[in-house]
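Each remark here refers to the structure printed beneath this line.
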There are 2 protein chains.
Amino acid sequence: MAKSRNMPTMLDVAREAGVALGTVSKVVNHQPVGEEFRQKVEKAIDRLGYQYNSSGKALRTDSTNTIALIIPNTVHPFFALLANYITMALDKRHYRTLLCFTDYDVNREMEMIQLVRNNRVDGIIGLTYNPALEIPDDIPFVTIDRFFSESIPCIASDNFEGGRLAARKLYELGCRKMAFMRVGSTLVNEPAKRRDGFVSACVELGASFEVFAISDGTPDTAFDDFIDQHIIGGHFAFDGLFCGTDTVAYRSIRHLKALGIRVPEDVQVIGFDGIRMFGNQDLICSTIVQPVQEIAETCVSTVLSKHMSTLPSLICLPVHYAKGGTTRDCLEEIIEEEEKK
Amino acid sequence: MAKSRNMPTMLDVAREAGVALGTVSKVVNHQPVGEEFRQKVEKAIDRLGYQYNSSGKALRTDSTNTIALIIPNTVHPFFALLANYITMALDKRHYRTLLCFTDYDVNREMEMIQLVRNNRVDGIIGLTYNPALEIPDDIPFVTIDRFFSESIPCIASDNFEGGRLAARKLYELGCRKMAFMRVGSTLVNEPAKRRDGFVSACVELGASFEVFAISDGTPDTAFDDFIDQHIIGGHFAFDGLFCGTDTVAYRSIRHLKALGIRVPEDVQVIGFDGIRMFGNQDLICSTIVQPVQEIAETCVSTVLSKHMSTLPSLICLPVHYAKGGTTRDCLEEIIEEEEKK
DNA sequence: GCACCGGTGTGAATCGTTTCACGAAACAAG
DNA sequence: CTTGTTTCGTGAAACGATTCACACCGGTGC
């Protein structure tokens, strides 16, 4: 393909420099070589314009310095950020990212694993949805947000604690009638624990709560309908709403506002993820922030670790709450500031 | 690395099937082979669990079925969308994406080109910022938003027409005192034409206009300052604001609102890009929408085209206006709806 | 002077695929 | 039956790097 102009190889360099092939290899790979020889080789490399060819090394060593990242897409900001930090973390270690999209398609998840396997990637980081996905056991595999087995490391946020955090924060801000809404009722994965944490904290606090979940593929209007059904005499039946993701929170807030219900005055809303405008500006709502960068860093260090079997199989990373304008803590700030004047 | 368990090769398959190596290759590559032989080979592949190894092919053919995508990051939604659609377009053609980030760093742009060159990618799609970047001429290279030379295809939106469109739309909606704000005053690239188009249309229409540009690296507060300086007696000096990107529009709108200036009642704002919440939901502002998917598709078909030299060197794709709540056309809609009731 | 050793340059063998000249077989035309 | 033609299986020769047994050499210890 790009073989139009015959490129010089290590052997050409060796001849040009008057040294052996192995010596050139050592120079290129920064292995100990006498200063005199190093000079000769480097000069020859410059003269010939030699370009290292990774294909030869890949064949010989069966390692490509490449990690496959399998995610649904990079349309959703959470995936985009994940891809961003994972790629940066890999780059720091001189690894490359092979980007593969599944588009949430169970079959494509399988195909992609097959594909990158043929490409002899050195490892796979996968955020997948098929609970029965067959994970190859002869190649390092790390999953995000889904636990498969003891032998496959799973990296996730502390979803349970995130749920508890949301409930406690809403309670602290005065909410007593809570609701939880999320997508993906049928999936048993780590993010599902957001609900469990929320419920457990509500019970502890003695706050009433209701859980509403829709399955994947259900029209988004289901959330609107749920909200509509809980409008009683122009008022919303809940004063605290915890949403499984910021996306759900955003849509709910929009619908609530369209109904004339004020956020955060009438109902306070907390989302989950920590999505920001344009990836790095304002939060979209008050939310439980996932430590995306740490998740990425952990995925990378885990997948590259040579001793994978000795690693814990589920790593939960700490989340935190951040106020983003849909809870009363923002109002108070403004009030305090005004009082000072 | 993953060579722990010795994997069967085509030769092993050939022996198992009792055929020649070349025959196995033909079966694997879907070349014409007698039905009887095909069966034998396929059975042997199943029995041995043979896995195709791309490294061998890469070395032999010097082609990897991989295209490198060099962009600053995937934090900004525009880049994230670009990466998304390019990867999907490549996937459709059975090519893989090697994802490389420059973080806007001129040195990293060079390093990445060197890196993917060593990896023998079949082509490069690059969105870069160094005007003096050396583009290799022995590997298909397509750039986005920056024209280098006749021999290097550049794919971009019709930025000039986008600028005109914005001016005309603002004028049509009643604006007569316009302003244009953007980042990147020193760069001479395709997006800079947004200003040129805007200015040309303002002149044609006889609307007054002012241009404000800050260079990369200037604190974002520069826009706030510009706005502050044009507040006269509590009123904003302009009634129409066109921003070089949706990001600038977003920040400006936020600052204007903080000053008590209403959008779109007091000043109408149009951005550029067509960024949506969570990548695919509401627009952030009224905006000139870039056809990201077509840009991606064009990049891919161009970089994979074997006859690159016969292609036009600058391809401009059509943009369109979309209302997003920061122009009066949205208000009218609401008014009309209310009148109907 | 001899044995030993650490350091370092050498080059043949190897990784798994593609490719292509060759030959065998099958068939049509004369 | 011969000759020409087409189809298709065969297997040796690359592709460019890594690796490692080996050789060479200067230094050290006895």
Side-chain angles (χ1 to χ4, degrees), chain A residues 1-42 44-45 48-66 115 117-122, chain B residues 1-42 44-45 48-66 115 117-122:
Chain A
M1 205 61 72
K3 195 185 285 187
S4 49
R5 194 173 58 196
N6 268 23
M7 303 195 66
T9 71
M10 277 191 180
L11 189 56
D12 298 321
V13 173
R15 285 203 251 267
E16 172 79 14
V19 305
L21 174 58
T23 307
V24 177
S25 176
K26 284 184 183 165
V27 171
V28 169
N29 290 290
H30 304 102
Q31 286 165 14
V33 172
E35 189 51 30
E36 186 190 355
F37 282 81
R38 157 163 287 115
Q39 297 268 342
K40 282 198 281 186
V41 170
E42 282 171 354
I45 286 177
L48 296 180
Y50 166 75
Q51 298 271 346
Y52 183 80
N53 185 332
S54 307
S55 300
K57 131 137 186 173
L59 176 58
R60 181 61 228 257
T61 65
D62 206 27
S63 84
T64 51
N65 273 39
T66 300
L115 190 68
R117 200 162 219 280
N118 292 345
N119 271 272
R120 295 298 193 272
V121 295
D122 295 338
Chain B
M1 206 60 75
K3 195 185 286 189
S4 47
R5 193 171 59 197
N6 268 24
M7 303 195 66
T9 73
M10 277 193 182
L11 189 56
D12 297 322
V13 173
R15 285 204 250 268
E16 171 78 15
V19 303
L21 174 57
T23 307
V24 177
S25 177
K26 285 184 184 168
V27 171
V28 169
N29 290 291
H30 303 102
Q31 286 165 14
V33 172
E35 189 51 32
E36 187 190 354
F37 281 81
R38 159 162 286 113
Q39 297 268 340
K40 280 199 282 189
V41 171
E42 283 173 353
I45 286 177
L48 297 179
Y50 166 75
Q51 299 269 347
Y52 183 80
N53 185 332
S54 307
S55 298
K57 132 140 186 170
L59 176 58
R60 179 60 227 251
T61 66
D62 206 26
S63 85
T64 51
N65 274 36
T66 300
L115 190 68
R117 201 163 218 281
N118 292 345
N119 271 270
R120 295 298 191 272
V121 294
D122 295 336

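Between the P atom of C:dC15 and the CD atom of B:Gln51 lies a distance of 19 Å, rounded to the nearest Å. Regarding A:Gln31, its CD atom lies at a distance of 14 Å from the P atom of D:dA17, rounded to whole Å. Protein atom CD of B:Glu36 is 10 Å distant from nucleotide atom P of D:dT10, rounded to whole Å. Going from atom CE of A:Met7 over to atom C1' of D:dA17 covers 14 Å, rounded to whole Å. Atom OH of B:Tyr50 and atom P of C:dG16 are 10 Å apart (whole Å). As a whole-Å value, the separation of A:Leu59 CG from D:dT18 P is 11 Å. Look at CG on B:Asp62: it is 13 Å from C1' on C:dT17, rounded to the nearest Å. The NZ-P distance, from B:Lys57 to C:dT19, rounds to 8 Å in whole Å.
Between B:Asn119 and B:Thr64, every side-chain heavy-atom pair lies at or beyond the 4.5 Å cut-off.
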Just distance, no hydrogens or angles: give the donor-acceptor pairs under 3.5 Å from side chains in residues 16-34 of chain A, sequence neighbours left out.
from: A:Glu16; atom 1: OE2; to: A:Arg47; atom 2: NE; distance (Å): 2.6
from: A:Glu16; atom 1: OE2; to: A:Arg47; atom 2: NH2; distance (Å): 3.3
from: A:Ser25; atom 1: OG; to: A:Asn29; atom 2: ND2; distance (Å): 3.4
from: A:Asn29; atom 1: ND2; to: A:Ser25; atom 2: O; distance (Å): 2.8

Could you list the donor-acceptor pairs under 3.5 angstrom formed by side chains in residues 52-59 of chain A, with sequence neighbours left out?
from: A:Asn53; atom 1: OD1; to: A:Ser55; atom 2: N; distance (Å): 2.8
from: A:Asn53; atom 1: OD1; to: A:Ser55; atom 2: OG; distance (Å): 3.4
from: A:Ser54; atom 1: OG; to: B:Asn118; atom 2: O; distance (Å): 3.0

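Axis angle, first five pairs versus last five pairs of the helix from C:dG1-D:dC30 to C:dG30-D:dC1: 40°, rounded to 10°.
Which of C:dT17, D:dT18, C:dT19 sits closest to the side chain of B:Thr9 comes down to C:dT17. For A:Met10, the listed nucleotide lying nearest its side chain is D:dA17; candidates were C:dT19, C:dG16, D:dA17.
When every heavy atom of A:Gln51 is checked against every heavy atom of A:Met7, the shortest pair comes out as CG-CE, 3.3 Å.
The shortest distance between the side-chain N/O atoms of B:Asn53 and the OP1/OP2 oxygens of C:dC15 is not below 4.0 Å. In terms of phosphate contacts, B:Ser25 brings no side-chain nitrogen or oxygen within less than 4.0 Å of OP1 or OP2 of C:dT17.
Scanning atom types as modelled, no donor and acceptor separated by under 3.5 angstrom connect the side chain of B:Arg60 and the base of C:dT17.
Residues that satisfy the side chain to side chain contact (heavy atoms under 4.5 Å, CB included) test with A:Thr9, not counting sequence neighbours, are A:Leu11, A:Asp12. For B:Glu35, the side chain to side chain contact (heavy atoms under 4.5 Å, CB included) test picks out B:Arg38, B:Gln39, with sequence neighbours left out.
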Any chance you could list the contact pattern along nucleotides 4-12 of chain C? Use B for base contacts, S for sugar-phosphate-only contacts and - for none, protein heavy atoms under 4.0 Å, 5' to 3'. ----SBBBB

